[in-house]
There are 2 protein chains.
Amino acid sequence: MKKKTNKPTLRTVAEACGVRPATVSRVLNKVDNNFSVKPETRDLILKTALDMAYIPNTAARSLRRRRFDLVLIFGYDLPNFLPAATYGDMLGALVQRLNADGYQVNMTFPPPAGRKTAPLSCDGAVFIDTGDSELIDDFRRHAMPMLILNDRIEDCSWVAVDDTDGMRRLLAQLAAAGHRRIAYRCANKIHRLQSHQSISDRYQTYQEWARTHEMKMVTDYDQSMSNHEFIDAVQETGCTAVATYDEKLAMSFYQSCLERNLGIPEDLSLVAFDKPVNYDLMPKITAMWQPAEQMGEAAAEILLRQIKGRSSGPEQMVMKLNLHEGASIAPPPLPDGARLMEMA
Amino acid sequence: MKKKTNKPTLRTVAEACGVRPATVSRVLNKVDNNFSVKPETRDLILKTALDMAYIPNTAARSLRRRRFDLVLIFGYDLPNFLPAATYGDMLGALVQRLNADGYQVNMTFPPPAGRKTAPLSCDGAVFIDTGDSELIDDFRRHAMPMLILNDRIEDCSWVAVDDTDGMRRLLAQLAAAGHRRIAYRCANKIHRLQSHQSISDRYQTYQEWARTHEMKMVTDYDQSMSNHEFIDAVQETGCTAVATYDEKLAMSFYQSCLERNLGIPEDLSLVAFDKPVNYDLMPKITAMWQPAEQMGEAAAEILLRQIKGRSSGPEQMVMKLNLHEGASIAPPPLPDGARLMEMA
DNA sequence: GTGAAAGCGCTAACAA
DNA sequence: TTGTTAGCGCTTTCAC
């Protein structure tokens with residue numbers, strides 16, 4: 001066991017090569033504005049650095065360069081939310097784009113209480129499903145590049161989706177299949193601690209649709225209901241289709257329908273938002289999916305512009321949801337009388 | 001728009017207070033070994049720092065302190081694997097423990113090619129599902145504290161599970177219910193690019209079981225088979241139970257069984273490894289779950305010992321899997337003849 | 001083609 | 001109770 005692991009520094013390497021640290025730095029960073037290195041010293045330095053397993057000290061480098069080449073992702077709940085499937089894709093695209101421009105990407109978990117040094121340890125930040133407004137404020141005060149992904153915050157850059165349009169198209173899809181009475185299951189009061197734009201957007205669109213189509217609303221927006229209570233309400237009011245706030249609610253509702261021998265879509269049509277995890281193992285539900293990759297990429301582009309100062313003020317972007325056709329919509333079942341007439 | 005965002009530094013704050021940077025540093029870092037600050041200057045400094053929104057520069061601090069207060073998690077594929085559910089819990093516990101000791105935790109995504117500065121930008125690292133042995137080598141060469149989570153690498157610290165024991169108990173569970181012929185679906189050749197200890201552990205245990213119980217092996221370990229081909233094999237050989245390598249395979253197999261009107265567990269018993277995502281929405285399968293929280297915590301403890309130099313050499317830890325009882329085991333269905341006898 | 005020197009912002013040992 | 005000083009390891013301008 002060695003007494004002390006003296007990590008090689010620029011100076012160590014330089015001494016081993018009989019040159020000065022500055023030269024080593026130039027060689028390793030491939031400073032090529034005017035070919036200022038003799039090939040043999042260059043090779044010697046390269047070889048020595050490799051042999052000694054030299055790794056530049058990030059702190060020193062960042063301090064000097066005044067830049068970190070690092071983007072932080074804040075999404076404290078991501079371990080829970082990543083299973084929303086769509087975030088994996090979104091972040092994948094985001095990271096790839098940032099990497100292409102030389103930025104390392106780190107996802108940070110909640111920092112120890114009292115430590116809030118983040119704004120001065122990266123070049124920019126992406127907030128996703130993070131309600132940490134204090135941190136966002138800090139970034140803003142320090143004029144640090146940042147972007148909100150999948151939500152909207154005033155005076156910030158963000159990339160979000162058009163839930164109003166999404167809900168409208170979802171309802172239109174059901175209407176096109178012949179549905180006139182549609183219920184909306186959202187369970188927001190119960191499931192969501194902090195409110196998200198999508199909650200009100202989707203609900204209000206449902207409300208608007210009900211008004212313009214003279215349709216009686218059947219929803220659990222204002223009250224907490226179990227799946228079975230909701231199914232009761234659906235049946236009592238003669239709804240022939242149900243829209244749910246997200247895929248989790250949809251799957252859970254689907255299970256409850258099975259338990260009651262309610263076939264989907266034969267007896268009840270079902271639509272939702274979001275792509276479920278393990279999509280191929282799940283019942284195929286027609287749903288509005290986020291354009292995950294595009295969102296990630298757009299976010300990266302905007303953030304990069306902010307970082308490189310090529311942007312004046314916040315940029316905001318709304319994207320359309322994609323209708324993903326499953327097998328959960330059918331024409332409404334005919335009422336018993338009508339069925340008899342049809343058979344005759 | 002301000003001309004230039006002059007971020008406040010220690011010096012800025014010090015000048016505003018009429019003291020020297022060192023004093024500010026002492027106050028903000030609560031150096032309290034001997035109450036060396038006059039209350040009024042202390043308050044002034046605190047207030048000024050807050051007003052100016054002073055945030056220490058991480059790079060400068062780390063450079064000087066020779067420490068980052070940061071642990072990096074490497075798991076490049078985590079966005080894909082987190083949906084394995086168990087990792088969310090594992091990381092949650094790990095992070096919490098490290099936070100408690102004042103360490104920030106970042107999960108890093110693949111760094112831009114050619115940049116391998118990680119070993120000198122953190123105090124320690126956790127590798128999870130990462131086959132980046134080059135990076136691991138770098139950490140080792142620099143004698144940086146690190147730990148492999150959920151896998152084993154020679155001469156490293158790691159926390160892993162006892163898959164041999166797990167498989168044995170799973171098979172024993174089936175045997176206790178009366179099963180004598182058990183098939184093993186692993187599909188490893190197809191699904192796993194890089195090999196994991198669990199693959200051979202589980203397979204070899206199955207093999208051993210077959211030998212000692214004089215049971216004919218029915219498995220796809222050496223050949224690629226579709227679910228339906230596998231079901232064919234199961235039926236031809238009269239197997240009454242199937243064990244699968246993981247929950248994904250189990251779920252997928254389950255679906256295929258439904259398609260063939262094979263009831264689980266009435267017609268076929270099924271066991272697996274791992275906890276599925278959205279467990280409450282999934283069919284309840286008896287499976288071996290990782291003790292996720294304990295693993296995360298143990299990993300944190302070991303890593304902390306390494307970081308604080310309280311450890312001599314690598315520490316390795318094997319944990320038992322937990323049997324999670326679902327509803328996928330039943331006694332084997334009686335052969336037709338036997339069933340008649342029973343009824344008589 | 002390479003060296004000298006300054007300094008990024010912070011902390012810790014020492015001095016007063 | 002506070003100031004002075006040195007320097008962490010690196011990059012970059014300027015000089016030769």
Side-chain angles (χ1 to χ4, degrees), chain A residues 4-46 49 52-69 115 117 119-123 142, chain B residues 4-46 49 52-69 115 117 119-123 142:
Chain A
K4 202 175 164 187
T5 317
N6 270 324
K7 305 209 172 94
T9 70
L10 265 195
R11 202 159 57 81
T12 330
V13 179
E15 280 166 3
C17 294
V19 293
R20 312 264 79 200
T23 311
V24 179
S25 171
R26 276 187 286 241
V27 168
L28 294 183
N29 289 306
K30 305 196 204 348
V31 178
D32 53 358
N33 32 9
N34 40 6
F35 297 104
S36 48
V37 199
K38 207 196 307 185
E40 52 207 68
T41 25
R42 206 191 73 100
D43 292 346
L44 176 60
I45 289 170
L46 251 27
M52 303 178 80
Y54 168 75
I55 293 179
N57 179 314
T58 330
R61 170 176 281 184
S62 302
L63 177 58
R64 177 62 229 229
R65 287 189 175 168
R66 299 159 148 280
R67 138 174 86 85
F68 297 84
D69 297 320
R115 286 192 51 214
T117 59
L120 290 190
S121 52
C122 64
D123 302 311
H142 286 264
Chain B
K4 202 176 162 187
T5 317
N6 270 321
K7 305 211 172 97
T9 70
L10 265 194
R11 201 158 58 80
T12 329
V13 178
E15 280 167 4
C17 295
V19 295
R20 313 261 81 198
T23 311
V24 179
S25 171
R26 276 187 288 241
V27 169
L28 295 182
N29 289 304
K30 305 197 201 350
V31 177
D32 52 359
N33 31 9
N34 40 4
F35 297 103
S36 50
V37 199
K38 207 199 304 186
E40 51 207 68
T41 26
R42 204 191 74 100
D43 292 346
L44 176 61
I45 289 171
L46 249 30
M52 302 178 80
Y54 168 74
I55 294 179
N57 180 315
T58 332
R61 170 176 282 182
S62 303
L63 177 58
R64 177 61 230 231
R65 287 188 177 168
R66 302 158 146 281
R67 138 175 85 87
F68 297 83
D69 297 320
R115 286 192 51 214
T117 58
L120 289 190
S121 50
C122 63
D123 302 312
H142 287 264

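Chain letters run A, B, ... following the sequence lines, proteins first, then strands; residues in each count from 1.
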Quick one: is [N] close enough that its OP1 or OP2 comes under 4.0 Å of any side-chain N or O from [X]?
{"X": "A:Ser25", "N": "D:dT11", "value": "yes"}
{"X": "B:Ser62", "N": "C:dC10", "value": "no"}
{"X": "A:Arg64", "N": "D:dT12", "value": "no"}
{"X": "A:Thr9", "N": "D:dG9", "value": "no"}
{"X": "A:Arg66", "N": "C:dG9", "value": "yes"}
{"X": "B:Tyr54", "N": "C:dC10", "value": "yes"}
{"X": "A:Asn29", "N": "D:dT11", "value": "yes"}

Q. Closer to the 5' end of DNA chain D via nearest nucleotide, is it B:Gly18 or B:Arg65?
A. B:Gly18
Q) Which part of the nucleic acid, if any, lies within reach of B:Thr41 when heavy atoms closer than 4.0 Å are counted: base, sugar-phosphate only, or nothing? A) sugar-phosphate
Distances for protein N/O vs nucleotides 13-16 of chain D N/O pairs under 3.5 angstrom?
none

Q) If you check every side-chain atom of A:Ala60, which of C:dC10, D:dC10, D:dT1 has the closest atom? A) D:dC10
Q. CG of B:Leu10 versus C1' of D:dA6: gap in Å, rounded?
A. 16 Å
Q. About how many Å separate CG of A:Leu46 and NZ of A:Lys30, when rounded to the nearest 0.5 Å?
A. 7.0 Å
Q: Quick one: pull up OG1 in B:Thr9 and CG in B:Asn57 and give me the separation to the nearest 0.5 Å.
A: 9.5 Å
Q.
Can you pull out every salt bridge (charged side-chain N to carboxylate O under 4.0 Å, His left out) where at least one residue sits in residues 55-68 of chain A? Sequence neighbours excluded, please.
A. A:Arg65-A:Asp69, A:Arg67-A:Asp69
